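Below is one structure; the comments refer to it alone.
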Amino acid sequence: MNNIDLPKDIINIMINKAKEARKNSYSPYSNFKVGAALLVDEEKQIIYSGCNIENAAYSPGNCAERTAVFKAVSEGYRSFKAIALVAGKDEETDEYVSPCGMCRQVLREFVNPKEFLVIMAKSEEDYIVYTLEELLPLSFGPDNLK
Ligand code: THU
């Protein structure tokens, strides 16, 4: 667990937004419902949320994290501070869900991996926090193509 450079009230707001977004999860195939809340601007409390969206053809499905990132980027934001995640089967939120490899790479595009925080929550009181760098070490990013 890291030293968390985010106020507890912001973390609570993010976890709540992730829970709200999770209610919209479209996951009839896995029944695994995920909600994400991406912090864009701490001062202005700009947060984009997202849920997982599955598909009968399976591959076109999208994770909650990427839904949130794509919503934010499509609204003009390209720099993020943290993401909160809530997940579990059916109505439970009893798992600390860890972003899949593809979502880690999508997040990597828009953040400083040393500073960006991934908050995996079971509730407002029960969560673990990692930097993106811990989850995606030695990552490949925009700087590699300069
Ligand atoms: N899922 C997410 O939305 N985020 C994660 O971090 C892990 C997995 C979704 C994808 C799929 O709809 C379901 O959870 C089961 O894999």
Side-chain angles (χ1 to χ4, degrees), residues 1-8 10-42 45-142 144:
M1 188 94 154
N2 286 285
N3 276 334
I4 306 165
D5 190 21
L6 260 188
K8 180 91 172 72
I10 296 277
I11 292 178
N12 281 355
I13 290 168
M14 290 173 68
I15 293 172
N16 264 306
K17 293 230 179 206
K19 278 181 167 172
E20 278 303 305
R22 185 174 176 271
K23 291 181 185 161
N24 295 325
S25 167
Y26 177 71
S27 40
Y29 307 106
S30 71
N31 293 315
F32 190 73
K33 299 181 184 176
V34 187
L38 182 70
L39 182 62
V40 174
D41 189 311
E42 190 184 327
Q45 291 199 3
I46 300 174
I47 296 170
Y48 276 82
S49 61
C51 64
N52 55 330
I53 305 168
E54 298 186 347
N55 188 279
Y58 284 37
S59 301
N62 204 39
C63 292
E65 295 90 324
R66 274 175 290 148
T67 303
V69 170
F70 295 157
K71 280 171 68 179
V73 173
S74 67
E75 296 292 321
Y77 298 103
R78 293 186 179 174
S79 170
F80 311 128
K81 309 274 178 215
I83 195 166
L85 305 171
V86 175
K89 281 255 174 191
D90 305 314
E91 300 319 310
E92 303 294 317
T93 58
D94 52 357
E95 305 202 19
Y96 298 124
V97 75
S98 179
C100 78
M102 215 186 295
C103 288
R104 292 175 198 204
Q105 186 64 36
V106 166
L107 287 163
R108 168 68 183 87
E109 187 70 18
F110 301 104
V111 308
N112 177 344
K114 289 187 196 305
E115 292 175 4
F116 184 82
L117 299 176
V118 179
I119 302 157
M120 306 172 209
K122 292 184 183 178
S123 70
E124 284 85 343
E125 303 307 322
D126 183 355
Y127 54 83
I128 55 176
V129 184
Y130 287 84
T131 64
L132 186 63
E133 189 176 52
E134 289 174 304
L135 301 181
L136 191 68
L138 298 174
S139 63
F140 184 82
N144 294 98

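This structure is a prediction, so every number in the text was calculated from the model and none was measured. For the single chain, residues carry numbers from 1 onward in sequence order. Counting convention: from 1, in listed order, for ligands and their atoms alike.
Under a 4.0 Å N-O distance rule, the pair K23/E20 qualifies as a salt bridge. For the pair E91 and K33, the salt-bridge criterion is met [side-chain N within less than 4.0 Å of a carboxylate O].
Annotation: ring pair (Phe, Tyr, Trp, His ring centres under 6.0 Å) contacts involving residues 60-93, sequence neighbours excluded, comprise Y48-Y77, F80-F110.
If you look at ligand 1, the protein residues with a non-hydrogen atom under 4.0 Å away are S30, F32, V34, N52, E54, C63, A64, E65, V97, S98, P99, C100.
Separating the OG atom in S49 from the CG atom in L38 is a distance of 9.5 Å, to the nearest 0.5 Å. For the atom pair CZ (R104) and SG (C63), the distance works out to 11.0 Å, reported to the nearest 0.5 Å. A distance of 10.5 Å separates CG of L117 from CG of L135, quoted to the nearest 0.5 Å.
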